[in-house]
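Reviewing the structure listed below.
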Amino acid sequence: MESFTEKVRAVVAVIPKGQVMTYKAVAIAAGNPKAARAVANIMAKNYDQHIPCHRVIRSDGGLGGYNRGGENVKKQLLTGEGAVV
DNA sequence: GCGCTGACTGTCA
DNA sequence: ATGACAGCCAGCG
């Protein structure tokens, strides 16, 4: 059975290139609309290189964070993929 | 098992 | 529009 963490990872892994999802959207897709913080926590502590977590942003259009270089790098990645920030 | 932390979100002032 | 407050969840010590 998939724990919330597994679900979140799967959802993020499904995000297509040039597309971005908010933490809230991921939380909903994972099955918990209120678990946006948990999603962020999962990314923050358990970052997976196979998962484009840099495509996960805040609901206000903010980048949130990136444990791989910072928000600036995250923004560069998103813009480089064609995402509008 | 309890308490704190954190890349969040939404509402009020 | 900006700032502050409260609410929610999962992971870790």
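Here is how names work: the chains are called A, B, and so on, in the same order as the sequence lines, proteins then strands, and each is numbered from 1.
- Looking at residues two or more places apart in sequence or on another chain, you find a side chain to side chain contact (heavy atoms under 4.5 Å, CB included) between A:E2 and A:E6, A:K7.
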Taking only distance into account, with no hydrogens and no angle test, what donor-acceptor pairs under 3.5 Å do side-chain atoms of residues 57-66 of chain A form with protein atoms, sequence neighbours excluded?
{"residue": "A:R58", "atom": "NE", "partner": "A:D60", "partner atom": "OD1", "Å": "3.0"}
{"residue": "A:R58", "atom": "NH2", "partner": "A:D60", "partner atom": "OD1", "Å": "3.1"}
{"residue": "A:R58", "atom": "NH2", "partner": "A:D60", "partner atom": "OD2", "Å": "3.4"}
{"residue": "A:Y66", "atom": "OH", "partner": "A:Y47", "partner atom": "OH", "Å": "3.2"}

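- Heavy-atom distances under 4.0 Å link DNA chain B to no residue of residues 5-22 of chain A.
- Nucleotides of DNA chain B with any atom under 4.0 Å from a heavy atom of chain A span, from 5' to 3', B:dG6 to B:dG10.
- Consecutive Watson-Crick or G-U pairing (both distances under 3.5 Å) extending over three or more pairs maps onto DNA chain C as B:2-6 with C:9-13, B:8-13 with C:2-7.
- Taking 4.5 Å as the limit, every side-chain heavy atom of A:V20 sits out of range of all side-chain heavy atoms of A:V56.
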Check nucleotides 6-9 of chain C against the protein and report each pair of N or O atoms closer than 3.5 Å, with its distance, or say if there are none.
{"residue": "C:dG7", "atom": "O6", "partner": "A:R37", "partner atom": "NH1", "Å": "2.6"}
{"residue": "C:dG7", "atom": "N1", "partner": "A:R37", "partner atom": "NH1", "Å": "3.1"}
{"residue": "C:dC8", "atom": "N3", "partner": "A:R37", "partner atom": "NH1", "Å": "3.4"}
{"residue": "C:dC9", "atom": "O2", "partner": "A:A38", "partner atom": "N", "Å": "3.4"}

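- Every pair passing salt bridge (charged side-chain N to carboxylate O under 4.0 Å, His left out) that includes a residue from residues 75-85 of chain A is listed here, sequence neighbours excluded: A:R55-A:E81.
- A heavy-atom distance below 4.0 Å to DNA chain C is reached by none of the residues of residues 49-77 of chain A.
- Considering every non-hydrogen atom in both A:A30 and A:F4, the closest pair reads CB-CE1, 3.5 Å.
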Going by atom type alone, with no hydrogens or angles, which donor-acceptor pairs under 3.5 Å involve a side-chain atom of residues 32-43 of chain A and a protein atom two or more places apart or on another chain?
none

Protein and nucleotides 1-5 of chain C: nitrogen or oxygen contacts under 3.5 angstrom:
none

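- How far CG of A:D48 is from OG1 of A:T5: 10.0 Å, rounded to the nearest 0.5 Å.
- Taking Ile, Leu, Val, Met, Phe, Trp and Tyr as hydrophobic and joining them when side-chain heavy atoms fall under 4.5 Å apart, one finds A:V14 isolated, its cluster having no other members.
- The one candidate from A:L78, A:V12, A:L77 that meets the side-chain contact (heavy atoms from CB on, under 4.5 Å) condition with A:P52 is A:V12.
- Sequence neighbours left out, not one pair with a member in residues 61-70 of chain A passes salt bridge (charged side-chain N to carboxylate O under 4.0 Å, His left out).
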